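No experiment lies behind these values; they were computed from the predicted model shown.
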Amino acid sequence: MKKIIILVFTLHCLFGFSQTEKDSIKTTSLEEVIVTSNKIPKNKKILPNQIESINLKQIEFQNYQSTAEMLSNSGSLFVQKSQQGGGSPAIRGFEASRVLLLVDGFRMNNLIFRAGHLQNVITVDENMLENVDIFYGPTSTIFGSDALGGTVSMTTKSPKFLSETKNALSGGVNTRYSSVNNEKSISFDLNYATDNFAALTILSYNDFDDLRMGKKKNHHADYFGERPFYTATINGIDQLVENSNKYIQKNSGYTQYNALQKFTYKSASGFKHSVNFQFSTTSDIPRYDRLTDVSSSTGLKNSEWYYGPQQRILAAYTLDKENVFLKSDLQLNFGYQNAKESRHNRRFGNPNLQHRKENVNMYSVSADLHKKFNKGELFYGIESYFETLSSSAYKEDINTGERGGIDSRYPNGDNSMFRNDLYFSYNEKSTEKTAWSTGFRIGYTTLKSTIADDTYFPLPFSTISQENFTYSGTLGITHNTSNNVTLKANISSGFRVPNIDDFAKVFESGDGFLIVPNENLHPEKTVTGDAGFVIQSNSKRFKLEHTFFYTRLYDAIITDDFEYEGQSTIDYNGSISQIVANQNKGKAFITGISTNVRGYIFDQLQFNASFNYTYGRIIEKDGEQPLDHISPYYGKIGFSYSKNKMAFDAYMLYNGKKHSKDYFFNGEDNAQYAPEGGMPAWETYNIKGSYKIFKNTRLFAGVENILDTQYRAFASGINAPGRNFYGGLKYTF
């Protein structure tokens, strides 16, 4: 390993890298990141909480296949995968419905966001992104429910006026090919500009074949996760078929289509009108982990298991006006979102293919106001979200086409949630050395759900109705003890209101467990304390940031053993399953550290490294047990170099081992998809580069997982990509 690190360092020194598209670096100082959210100050330096940003130049240079891959390879958070077409971000031991996803300020989290693992982040195409801000710790005061572990705020590109582009028409084409899954991707963007009107169109297409895993043994573990057999249906009969290449993860490929259309108009009276349309859909996406579930009688348990096309629609109108109410700048947002997802599965040898479909509509309105004072800034506003769900299901005989009824994933009647919040936050730089911030949010949420037909799974109730009053607050301070040292401290609370998925789903979680409804759930809450420091050289060529956090969870919703009508097991879909349910399991805690180091070795060569460690436990009367979603330690170490027309990057991604004793076995850690003893540690070595071959044309190329290491990320059900050669060309006009 030491030899490899020395080799990588040598390559950097000889060739270099940078995450920029400039022909040369004109400054070698580490500038402060500008945060893009309109609810907090733009300057990260005065904020007491931990924030990491991924800017446009980094996104374009890194050239990842999806937004999930971009987040995973940033070293800033952990991403779980159950299939190639997915990616579930985890922040500080929180995942899925406990991490808030935002796109252009609109919450993606809806009433069926589950506590397990989610794939929704891939519906925001990385080619459309301008910036990604990762907020660590409870951010409910700023953004609302679900932001327990943090928030991933994704901002898409905006139309540019003539003063910003100097050309009425501008745009570009970006292409990419990857060898590890025969990826073929292309995106096209076109900007039309006048002095007061601008329009932006972006279209993209991604095609991914089956993913090839690494062939070389991970020196931390034995070979694991190879695909010797897969199922095929021949003349209506399910058969086990030998895989001609056991390193190809058969039945993992998919395609994706994305579109974005924005219009912006500035009136002479100072109003700014913006319209935002976004659309994303996929082909069927195989649920790879379920396709590898083993059966003692048939070899593999499932012949088919796939998600139907995952569709996301956003239609929004935004009105901006400066100096309106109490001399505050105003932004009004009206939004409509639609999310469609479905699950389709069939057991080996069973002709009945089960279909379960969900259709979610989300309507939102918000007013965000911003007022500046001599030393401070006030942010305040209101938000309302109304969501509806339609859930249906049926089975279909693949040979005869005959259809019949089955139980739906969620209640098959009327389902809705209504969220209403009021918030404010104030930030003040009281002296040249000290800045502080405070905020508060209150809200009221209602949930209603009806079971129209309980034929397939009778329940002791037919309606669910809840009303919850919510609140959260935050208080933080930053203090410069000198020109080189800044101390930061922050305490904040967060909340998550249980949704339809928490209350009312019936779900076979795998490995003999069945999740059943539990109507006696309450909101879960957290309180987190952060303490950290920043050390920076006078020349701003070196920076060390370190954060320690401790979180207490109250009324934490945990999936655990449960009795349904006095029974702990049940016959479901022809199998005896252990009954589990979501429950408020009292108290839990999560603690950890995060460290980032950045610095220039010389003018064009920069070093960067990150390290993240998290530890979580459920507190019970008879002791403690592991909390699920707690990733092992992870991070990134690399060098970047840029000079003239070329740029290079070389880096190592690494993860520690997740020991079996640290798994929560009834939760979402997926111990069944890990080798005996737990998920092994791993590291990969990667090198990337770009070269400006013509004035408007740049070539991108690189090698990921250079050693072709065979490994799998914690809680994942699919092996990570093997050695990947990729190349791409970007042309702008």
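Annotation: the span from S610 atom OG to Y651 atom OH amounts to 12.0 Å, rounded to 0.5 Å. Rounding to the nearest 0.5 Å gives a distance of 8.0 Å between NZ of K157 and CD1 of I59. Atoms OG and CG, on S280 and N206 in that order, are 9.0 Å from each other to the nearest 0.5 Å. The CG atom of N302 lies 8.0 Å from the OG1 atom of T231; values are rounded to the nearest 0.5 Å. Atom CG of residue N109 and atom CG of residue L100 lie 4.5 Å apart, to the nearest 0.5 angstrom. In this structure, I51 CD1 and L47 CG are separated by 4.5 Å, a value rounded to the nearest 0.5 Å.
Side-chain N or O atoms of R92 include none that pairs as donor or acceptor with a backbone N or O of I630 at under 3.5 Å. Remark: side-chain polar atoms of Q58 are paired, donor with acceptor, to backbone N or O of N55 under 3.5 angstrom. In this structure a side-chain-to-backbone donor-acceptor pair under 3.5 Å is missing from D284 to Y306. Of the possible donor and acceptor atoms, none in the side chain of N131 sits under 3.5 Å from a partner among the backbone N and O of S53. Between the N724 side chain and the V180 main chain, a donor and an acceptor come within less than 3.5 Å of each other. No donor-acceptor pair closer than 3.5 Å links the side chain of Q249 to the backbone N or O of Q84. Side chain of N612 to backbone of Y633: no donor-acceptor contact under 3.5 angstrom is found. The main-chain N or O of R541 is found under 3.5 Å from a side-chain atom of S537 such that the two form a donor-acceptor pair. Side-chain atoms of D669 come within 3.5 Å of backbone N or O of F664 as a donor-acceptor pair. Listed for the K250 side chain is no donor-acceptor partner under 3.5 Å among the backbone atoms of F229.
Salt-bridge formation is detected for the pair K688/E704: a Lys NZ or Arg NE/NH1/NH2 atom is positioned less than 4.0 Å from an Asp or Glu carboxylate oxygen. The pair D662-R617 meets the salt-bridge criterion, since a charged nitrogen lies less than 4.0 angstrom from a carboxylate oxygen. The pair D708-R212 meets the salt-bridge criterion, since a charged nitrogen lies less than 4.0 angstrom from a carboxylate oxygen.
In the model, N218 has no side-chain atom that pairs as donor or acceptor with a side-chain atom of Y223 under 3.5 Å. Looking only at atom types and distance, the side chain of D104 has a donor-acceptor partner in the side chain of Q278 under 3.5 Å away. Under 3.5 Å, the side chains of D133 and T36 contain a donor-acceptor pair of N or O atoms. Using modelled atom types, one finds no donor on one side chain facing an acceptor on the other under 3.5 Å when comparing N181 with D209. Between T281 and Q310, the side chains place no donor N or O within less than 3.5 Å of an acceptor N or O (distance only, hydrogens not considered).
Taking the side chain as every heavy atom from C-beta outward, I285 and Q83 approach each other to under 4.5 Å. Within the 4.5 Å cutoff, no side-chain heavy atoms of H546 are placed close to those of I535. Counting heavy atoms from C-beta outward, N655 and M679 have side chains that stay 4.5 Å or more apart. At least one side-chain heavy atom of N670 sits less than 4.5 Å from a side-chain heavy atom of Q80. Taking the side chain as every heavy atom from C-beta outward, K81 and S88 never approach each other to under 4.5 Å. At a threshold of 4.5 Å between non-hydrogen side-chain atoms, the residues T156 and E130 do not count as touching. Counting heavy atoms from C-beta on, the side chains of R598 and E545 come closer than 4.5 Å. The side-chain heavy atoms of T595 and Y613, taken from C-beta on, include no pair separated by under 4.5 Å.
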With side-chain contact (heavy atoms from CB on, under 4.5 Å) as the criterion, how do I693 and K645 come out once you've worked through the C-alpha distance, each side chain's angles and the decisive distance to 0.1 Å? CA-CA 8 Å; I693 54 179; K645 296 181 178 182; over 6 Å; no

Test side-chain contact (heavy atoms from CB on, under 4.5 Å) on T67 and M154; report intermediate values, then the result. CA-CA 10 Å; T67 299; M154 296 167 282; 4.1 Å; yes

Pair E69-Q62, side-chain contact (heavy atoms from CB on, under 4.5 Å): steps then yes or no: CA-CA 10 Å; E69 292 293 329; Q62 292 295 332; over 6 Å; no

Would S187 and S204 satisfy side-chain hydrogen bond (donor to acceptor under 3.5 Å, both in side chains), going step by step from the backbone distance to the final call? CA-CA 4 Å; S187 67; S204 68; over 6 Å; no

Does the side-chain hydrogen bond (donor to acceptor under 3.5 Å, both in side chains) test come out yes or no for T709 and T684, once each step is laid out? CA-CA 7 Å; T709 302; T684 65; over 6 Å; no

Would S185 and R176 satisfy side-chain contact (heavy atoms from CB on, under 4.5 Å), going step by step from the backbone distance to the final call? CA-CA 5 Å; S185 295; R176 185 179 61 246; 3.6 Å; yes

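In Y247, the OH atom is crowded: over 12 heavy atoms of neighbouring residues, nucleotides or ligands sit closer than 6.0 Å.
Aromatic ring centres of F607 and F542 lie farther apart than the 6.0 Å criterion allows.
In this structure, F589 and Y550 have parallel ring planes: the angle between them is below the 30° cut-off, well short of the 60° mark. Between H629 and H117, the angle of the ring planes goes over 60°, which puts this pair in the perpendicular group of the 30/60° scheme. Ring orientation note: the planes of Y205 and Y257 are tilted relative to one another, at an angle of 30° to 60°.
R312 pairs with exactly one of T123, N258, T282 by the side chain to side chain donor-acceptor pair (under 3.5 Å) rule, that one being T123. When each of V132, V103, V121 is checked for a side chain to side chain contact (heavy atoms under 4.5 Å, CB included) with V152, only V132 meets the rule.
Annotation for K730 and N174: closest pair CB-OD1, 3.7 Å, computed over non-hydrogen atoms. Scanning both residues, G253 and P286, for their nearest heavy atoms gives O-CD, 3.3 Å. Across all their heavy atoms, Y673 and S716 have their closest contact at CB-O, 3.6 Å. Closest approach of I134 and S76 over heavy atoms only: CD1-CB, 3.8 Å. Taking all atoms of both residues into account, the shortest heavy-atom contact from V79 to A713 is O-CB, 4.4 Å. Residues M213 and N719 approach most closely at SD-ND2, 3.3 Å, considering heavy atoms.
For R287 and Y307, the positive end is not near the middle of the six-membered ring at less than 6.0 Å and at most 45° from its axis.
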